[in-house]
Amino acid sequence: MSTTIDAGRPGAEAPAAPQARPSSAHGLRRLFTFLRHRAGSLVGLGVFSAIALLAVFAPIVAPHDPLAQNLGDNFRPPMWHDGGTPTYPLGTDPLGRDLLSRLIYGARYSLLISVASVALGGGLGFVVGLAAGFFGRWTDTLLMRLGDIQLAFPFVLFAIAVLAVSPERTSAHLIFVLGFSSWIIYARVVRSRVLTEREKDYAWAARALGASRWRVLVRYIVPNVWQPVPLIGMLNLGFFVIVESLLSFLALGLTPPTPSWGTILADGRQYMMLTPWMALFPGLAIVATVLSINLAADGLADYFDPKLGHGNFRRIPLPRQARGGGGDADATPLLRVRDLTTVFPSPTATVHAVKRASFDLEHGDVLGVVGESGSGKSTLGLSIIQLLDAPGRVTGGEILFRGRDLTRVGNRQMAAIRGAKIGMIFQDPGASLNPVLTVGFQLVETLQRHRRLPRDRAHAAAREALAVVGIADPERVLKAYPFQLSGGMQQRVMIALAMASEPDLLILDEPTSALDVTTQAQLLEELESLRERFGTSAIFITHDIALLADFADVIMVMYAGQVCEIGPQARVIEAPQHPYTRALLNAVERAHVPGTARLAAIPGDPPDPTRVPAGCPFAPRCPSAVPICREDNPPLVAVVPGHAAACHLVTSETATARDTVETVR
């Protein structure tokens, strides 16, 4: 299998074929591995499982018939209390019924009603949410208005209206009341997710390939929207245990003498002064059950829907360390990165996205960072600006920006640096701009925050910023919303936003890969002009090493999170030292390649980031690999001053010989 350089075109990939489902045994192992790192959730799941097993095997576990009366043994205290007996471990009630047996059977009925209610409400709500979100129009309007009507009708009144008039209240009555009253919660959540997913590229691509609407719904939409349903169901399960007990406490639950925690609690209230344990034990059972369900749900949320775990990680600066004497600040580079390590931990494996990366960026220079997808380029940029999403974090190294270590400054100081001193332009401007705010509002807000300009001067500066990036009618664009602009115009707005505060460093994360060649060239010229005008340094991240030939001063090649080559642009392009760099250059278009010839593809695939092989990570794809390459990961060593490569086959002598060959060619 071969891999060429990713062109970065959005929507170019066809929908992936459905993968084989993992076996249930594998799923259980993965679940327990996941919970092993969440002690609270594991305890909650264990307690709830024990209660559920007691309920299921109540006829076997319960020492007595819960309905059997023995008036001669009424009001027996627990076995550890004076007058207690092991025959009735938790004592008896006013009719001489065994309290432990009634609690076990009470769990049986409470959990049966609660679980069935969750299944009814969740199933009905899921189907309604799918239909409303996917088909829309009158279907959506009708179903959601029915839900609004139900929400307007108080649940308590609905329960009383159904249960109070029933001569005999059975489990089916309670399941209907609880389940039917909860479907709208599931429906609204599922509907909102379907509205988002049905407009994504993969759904449109499936339709373009000929998939019917039903197949798109079942095979593409449903697998991406079901995850919140079990989470809501688990939380509702605990709520229903409380509600069922409350209804029984108010004599609106199961018809006596059917045991229920609420009924036992109500009986205990009448004899609180005489037998306080009668109210204590059912109360503890309710608390333990609901708490265990909530603990388990809290941990399983990330398991069922990993996306819920993203974005909730607050940046924690690395501990400060003692530093030696400073020296001349003007003589140091603008940015100095040393041994930067960024990881994304997970319960199953830790992804080392960036491994001990080191480089310098001088004032006014451009550092080009190139590599295939997954090489760590974007993570490097996000690490510098300290904007890693959960659970990613910088675990080691230094990022010295104007002498300050960004890995160790506080969050307030880092927020003041972002935008003002370090700007960043992302690949997709449509997703980076706020769709509900005009371009003018976003530009003016940026200028007011970072340059402290009054509103009238900020508006004039915003108009000038748009004119500088080549927008012919800046006043019209200021009043427009981002979705009213073309892709090239949106990227120009992003450049204007990033450069409005005149930052010292600009990080460009593949800013032109989604644009056509003409617009790409125009934007690169405008970026170069802005850089020279403001004296801004830049880090240009890209898949295409050819783009860096006329734009970068220094090129850094990354693979599997590591720096495999770094040096002046001319040397890296004309005399590459690392086999991966040469492979990247051979995979780009060149003027001397005949029209009938094909570009050289890089064989194989990049390594799995959770299972990077020992030795050099590029060795499995390298045509020049020797045995040591698969055993020892080579360090980054200088081949000539300013030019270094991480390869066992590269030394100063081989670099000189290769330079000679390149010169002859």
Side-chain angles (χ1 to χ4, degrees), residues 8 10-11 192-201 307-308 310-315 378 381-382 384-390 411-412 414-503 505-515 519 523 526-527 530 541:
S192 65
R193 293 187 63 136
V194 172
L195 289 174
T196 300
E197 296 297 327
R198 73 176 188 181
E199 300 299 330
K200 288 189 176 178
D201 290 343
K307 291 179 284 187
L308 296 177
H310 286 243
N312 60 2
F313 169 64
R314 179 175 174 80
R315 171 183 173 266
S378 296
L382 293 171
I384 292 172
I385 204 170
Q386 298 287 283
L387 277 180
L388 292 165
D389 197 7
N411 289 313
R412 286 190 177 182
M414 194 63 226
I417 293 172
R418 294 192 198 103
K421 301 299 182 182
I422 303 178
M424 189 162 187
I425 299 174
F426 296 94
Q427 178 178 359
D428 186 2
S432 303
L433 295 168
N434 193 324
V436 299
L437 299 176
T438 63
V439 169
F441 184 94
Q442 297 179 62
L443 262 171
V444 168
E445 182 183 42
T446 301
L447 290 164
Q448 286 182 314
R449 171 173 175 78
H450 295 304
R451 292 173 55 179
R452 310 296 181 187
L453 298 177
R455 186 163 186 82
D456 55 342
R457 290 184 57 192
H459 185 84
R463 186 168 55 250
E464 180 184 355
L466 292 180
V468 167
V469 295
I471 294 179
D473 189 2
E475 199 62 46
R476 178 188 66 82
V477 174
L478 285 174
K479 298 176 182 178
Y481 289 92
F483 59 83
Q484 295 175 318
L485 305 176
S486 66
M489 195 72 75
Q490 289 176 346
Q491 197 62 285
R492 283 186 169 87
V493 171
M494 279 299 302
I495 295 172
L497 275 167
M499 297 299 295
S501 55
E502 302 177 10
L505 173 62
L506 184 62
I507 301 174
L508 305 154
D509 189 4
E510 303 183 40
T512 61
S513 61
L515 305 176
T519 306
L523 282 176
E526 291 161 5
L527 275 170
L530 285 171
I541 298 168

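In this chain, numbering begins with 1 at the start of the sequence shown.
Around atom CZ of R457, no more than 12 heavy atoms belonging to other residues, nucleotides or ligands sit under 6.0 Å away.
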One pair to check against side-chain contact (heavy atoms from CB on, under 4.5 Å): L505 and I385. What are the steps and the verdict? CA-CA 10 Å; L505 173 62; I385 204 170; over 6 Å; no
Pair V439-L485, side-chain contact (heavy atoms from CB on, under 4.5 Å): steps then yes or no: CA-CA 10 Å; V439 169; L485 305 176; 3.9 Å; yes
For a side-chain contact (heavy atoms from CB on, under 4.5 Å) check, start with the C-alpha distance between L387 and R418, then their side-chain angles and the critical distance, and finish with the verdict. CA-CA 9 Å; L387 277 180; R418 294 192 198 103; 3.6 Å; yes
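F426 and S432 get closest at one heavy-atom pair: CB-OG, 3.5 Å. Between P503 and M499 the shortest heavy-atom distance is CD-CA, 3.9 Å. Pairing each heavy atom of A462 with each of L447, the nearest pair is N-CD1, 3.5 Å. A pairwise comparison of heavy atoms in V444 and R455 identifies CG1-NH1, 3.4 Å as the closest pair. A498 and M424 make their closest contact through CB-O, 4.4 Å (heavy atoms, listed as atom of the first residue, atom of the second, distance).
Formation of a donor-acceptor pair under 3.5 Å by the S501 side chain with backbone atoms of G419 is found in this model. Formation of a donor-acceptor pair under 3.5 Å by the R451 side chain with backbone atoms of E502 is not found in this model. Proximity of a side-chain donor or acceptor of R492 to a complementary backbone N or O of L466 within less than 3.5 Å is not detected. A donor-acceptor pair is defined here as one N or O able to donate and one able to accept, closer than 3.5 Å; no such pair exists between the side chain of Q448 and the backbone of A458.
Rounding to the nearest 0.5 Å gives a distance of 9.0 Å between CG of D473 and CG of L478. With rounding to the nearest 0.5 angstrom, the CZ atom of R412 is 15.5 Å from the CE atom of M414.
Counting only heavy atoms from C-beta outward, the side chains of L382 and D509 never approach each other to under 4.5 Å. L497 has its side chain within reach of M494: a pair of non-hydrogen atoms, C-beta onward, lies under 4.5 Å apart. Proximity of N411 to Q386: side-chain heavy atoms (C-beta onward) are nowhere separated by under 4.5 Å.
The only option from V436, L433, V477 that meets the side chain to side chain contact (heavy atoms under 4.5 Å, CB included) definition with P482 turns out to be L433.
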